[in-house]
2 protein chains.
Amino acid sequence: MRRPKKERQQALKDTIRDNPFVTDEELSVEFDVSVQTIRLDRMELAIPELRERIKHVAVKTFEDEVKSLPIDEVIGEIIDIELDKKAISIFDVKPEHVFQRNQIARGHHLFAQANSLAVAVMNEELALTVKSELQFLRPVTAGQRVVAKAEVIDSHPEKNRAFVKVVSAVDQVTVFIGTFEMYRMTEQSEGDEK
Amino acid sequence: MRRPKKERQQALKDTIRDNPFVTDEELSVEFDVSVQTIRLDRMELAIPELRERIKHVAVKTFEDEVKSLPIDEVIGEIIDIELDKKAISIFDVKPEHVFQRNQIARGHHLFAQANSLAVAVMNEELALTVKSELQFLRPVTAGQRVVAKAEVIDSHPEKNRAFVKVVSAVDQVTVFIGTFEMYRMTEQSEGDEK
DNA sequence: CTGATGTTAGTACCAAGTGCTAATAGCGGG
DNA sequence: CCCGCTATTAGCACTTGGTACTAACATCAG
């Protein structure tokens, strides 16, 4: 099934994109040409060798991993915090956070930033969200920086409850408001921080 | 700065964990021992060679990519959907979704599942969340499967608005309730039911 | 002094290439 | 039918980052 050069090169591109882990040897079998032809094709198409391809994928993952680690704790970056009072975090909206269609940030990212900030501002290691009311006032698009300000507006330590209000803004314009009823998981016997 | 074997091997492990892209050559310089010693150390510690390490990272990323693609669209997996009426999705809570401390799922994951399901059930490509009220009734822990059921309870096509109620349960027990006011971004020009 | 442990050196070999030269095949036009 | 062109194939030297193995030390303890 020898196909003409151009067609083969297109197929080659696709094959390697789908599976970067394939060797020239394997490709030569698949396309029924010599290894050298595969190499020439790769050169013409500027496709790097197997090891470089793999490395590229790995580096990408590695960088992503570093990026997603802090995300696990708090979505966005906390730039100011006063425990039990208020906190501020920023979150840069990237292409992966938006609907492809219209570039508008998906609601759960704004929620995640606000909610994790609400958790962080509580002077508790184990705060849980009980209830919450959200308003998505304006769409946020990729490239924008969301500044979320959380404020503890009402605290009932005896009931292990607190209310946190989070207001998020882009360029001073409010885009999101959320109120969170939080539950403190630790009893108010002090000093059992860990 | 030659340290005893044991100490060096521990440091070696850490170094490679932090940066899997380092060669034996570079390590031998860093620890001021011969390349052979590094190789012996790696063998004792069962650490694979550079290329295998890189490949491992790459494969991981590659698999994750496949996994995270649908996640970008809908958090959880849609198992049933009737456009403009109702939809069901399941979401398996994994270790990365919970607080390390108490294994309880972070709120924004439950929200994300519910919110993206609310978006999906709308018979619109471009639905946005306007307002939302949430109740986190019971904590969800790693290993549990959350089944979210979304229902369009009120639709005002003329105002481009709709209300969606999502109830999430683990083993038939309700753990989360959310109501979402959604905005349809497209004009209701045609009756394109599907 | 002997032995065990740890370290270093050196060789052969491997995979998956690059870079280069040279031969050959196939085909189209004049 | 031959000329020239492109495409393909072959072969060789060399590269990286190793494995596998052997052999030579070094150091210290008993």
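Throughout, a chain's letter reflects where its sequence line sits, starting with A, and its residues are numbered from 1.
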- Note on the structure: B:Asp24 CG to C:dT8 P, in whole Å, measures 13 Å
- Just call it for A:Gln36: base, sugar-phosphate, or nothing, with non-hydrogen atoms closer than 4.0 Å on any strand. base
- Note on the structure: From CD1 of B:Ile16 across to P of D:dG17 the rounded distance in Å is 14 Å
- Side-chain N,O (B:Ser34) to OP1/OP2 (C:dT8) below 4.0 Å: yes
- Using a distance-only test with no angle check, is there a side-chain donor-acceptor pair under 3.5 angstrom linking A:Thr129 and A:Ser132? no
- Task: Check whether any side-chain N or O of B:Thr37 sits under 4.0 Å from OP1 or OP2 of C:dT8, and answer yes or no.
- Result: yes
- Rounded to the Å, how far apart are A:Lys55 NZ and D:dT16 C1'? 10 Å
- Do B:Leu110 and B:Ile177 share a hydrophobic cluster (ILVMFWY, side-chain heavy atoms under 4.5 Å, transitive)? no
- Query: Is any side-chain nitrogen or oxygen of A:Arg39 closer than 4.0 Å to OP1 or OP2 of D:dT8?
  - Reply: no
- Task: Tell me which nucleotide among D:dG18, C:dT7, C:dG17 gets nearest to the side chain of A:Glu49.
- Result: C:dG17
- With a non-hydrogen cut-off below 4.0 angstrom, is A:Arg42 in contact with a base, only sugar-phosphate, or nothing? sugar-phosphate
- Query: Can you tell me how far the CZ atom of A:Arg8 sits from the OG1 atom of A:Thr15, to the nearest 0.5 Å?
  - Reply: 12.0 Å
- Round to a whole Å and report the spacing from CG of B:Leu40 to C1' of D:dA23. 13 Å
- Nearest-0.5 Å distance that lies between atom CD1 in A:Ile153 and atom OG1 in A:Thr179: 6.5 Å
- B:Met43 has an atom CE; how far is it from atom P of C:dT8, in whole Å? 15 Å
- Rounded to the nearest angstrom, tell me the gap between atom CD1 in B:Ile38 and atom C1' in D:dG17. 14 Å
- Message: With hydrogens left out and only the distance checked, is there a donor-acceptor pair under 3.5 Å joining B:Arg51's side chain and the base of D:dG17?
- Response: yes
- Item | A:Ile54 CD1 to C:dG17 C1', straight-line distance once rounded to whole Å | 12 Å
- Are the side chain of A:Arg106 and the backbone of A:Val98 linked by a donor-acceptor contact shorter than 3.5 Å? no
- Find the distance A:Glu25:CD to C:dG17:C1' and express it as a whole number of Å. 12 Å
